[in-house]
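Counting from 1, the numbers follow the sequence of the chain as shown. This structure is a prediction, so every number in the text was calculated from the model and none was measured. Just so you know, ligand 1 is whichever comes first in the structure, and atom 1 is the first atom listed for that ligand.
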Amino acid sequence: MYAVSLTNVLKRFSNGSEMKVLFENMDFHVTEGELVVISGGEKTGKSTLLRMIAAMTPPNKGTVKVLGKDLLALKKRPEWRLDNIGYITNEGALIPYLTPKQNLLLGIEADDPIYRVKENEAEQILLDLGFTFESMNETLEGLSSKDQILATIARIFMTNPKLILADEPTKELTGNEGNEVLTQLFRFARKKGSTIIVISNDPTIIEEADRFYKLKNCQLSEEKNEAV
Ligand SMILES: Nc1ncnc2c1ncn2[C@@H]1O[C@H](COP(=O)(O)OP(=O)(O)OP(=O)(O)O)[C@@H](O)[C@H]1O
């Protein structure tokens, strides 16, 4: 089954007196469990594509189906998004004055019978992503940018989303750090069987993907992935 299926999509924005067309007659299909990377030039519509898949902006024409649902027919979009989609960007999504572990356990009261189970789960995810017991209990603000993004990824996997959308999450990282974080993200997605679509121009991560697309001329074109 397709996790994501776009058929004949047109997306455009009014830009003052002009219409800016981002996608035209665009088809895009992602099978459940696939790891897909999309790259593209500046302002080609990469973020808009992910926002459309997350039911944050509708197509002007065509159909967007995600996890079997036609998004135009969805009634409770924010609830549906929370239940099904993990959305990662390079902007902080966690509470900076809490620790990674506290961020993962947010909303679960310490006297809730499920707390111990969730605490153990949070610790296992954080350890698996390279945190120590010490670093998972430090305030987020005091951690490196790389660890802050890894904590965001940990939070995403706490909710077991069926679909993960990652919009250049490592844009601000330098050297190998971006690649290390994306490798961890892919490793976790494979382990959990999540479908993942990542916007990235990082050649190393493109090699690790099942499929690689370029966004150009208002279309997504599948490119050869050297590693496959
Ligand atoms: N809500 C909106 N209203 C009007 N125009 C918009 C809106 N959202 C996006 N656009 C326009 O669509 C174009 C593509 O934007 P988008 O952010 O999707 O591209 P991108 O490829 O992610 O950009 P970047 O290179 O910054 O990563 C931009 O020119 C932007 O101004």
Below 3.5 Å, can you tabulate the donor-acceptor pairs from side chains in residues 26-37 to any protein atom, sequence neighbours excluded?
{"unit_1": "D27", "atom_1": "OD1", "unit_2": "N8", "atom_2": "N", "d": "2.6"}
{"unit_1": "H29", "atom_1": "ND1", "unit_2": "S5", "atom_2": "OG", "d": "2.9"}
{"unit_1": "E34", "atom_1": "OE1", "unit_2": "T31", "atom_2": "N", "d": "2.9"}
{"unit_1": "E34", "atom_1": "OE2", "unit_2": "R211", "atom_2": "NE", "d": "2.5"}

From Y87 atom OH to L50 atom CG, the distance as rounded to the nearest 0.5 Å
4.5 Å

Report the residues that fulfil ring-ring contact (aromatic ring centres under 6.0 Å, His included) with F186, sequence neighbours left out, ordered by chain and then residue number.
none

Would you say that M52 contacts F23 through its side chain, given a criterion of any heavy-atom pair below 4.5 Å between the two side chains?
yes

Amino acids contacting ligand 1, non-hydrogen cut-off under 4.0 Å:
F13, K20, L22, G41, E42, K43, T44, G45, K46, S47, T48, E168

Do any pairs count as a side chain to side chain donor-acceptor pair (under 3.5 Å) and have a residue in residues 62-84, sequence neighbours left out, and if so which ones?
N84-K162

At what distance, to the nearest 0.5 angstrom, does CE of M158 lie from CD of E121?
4.5 Å

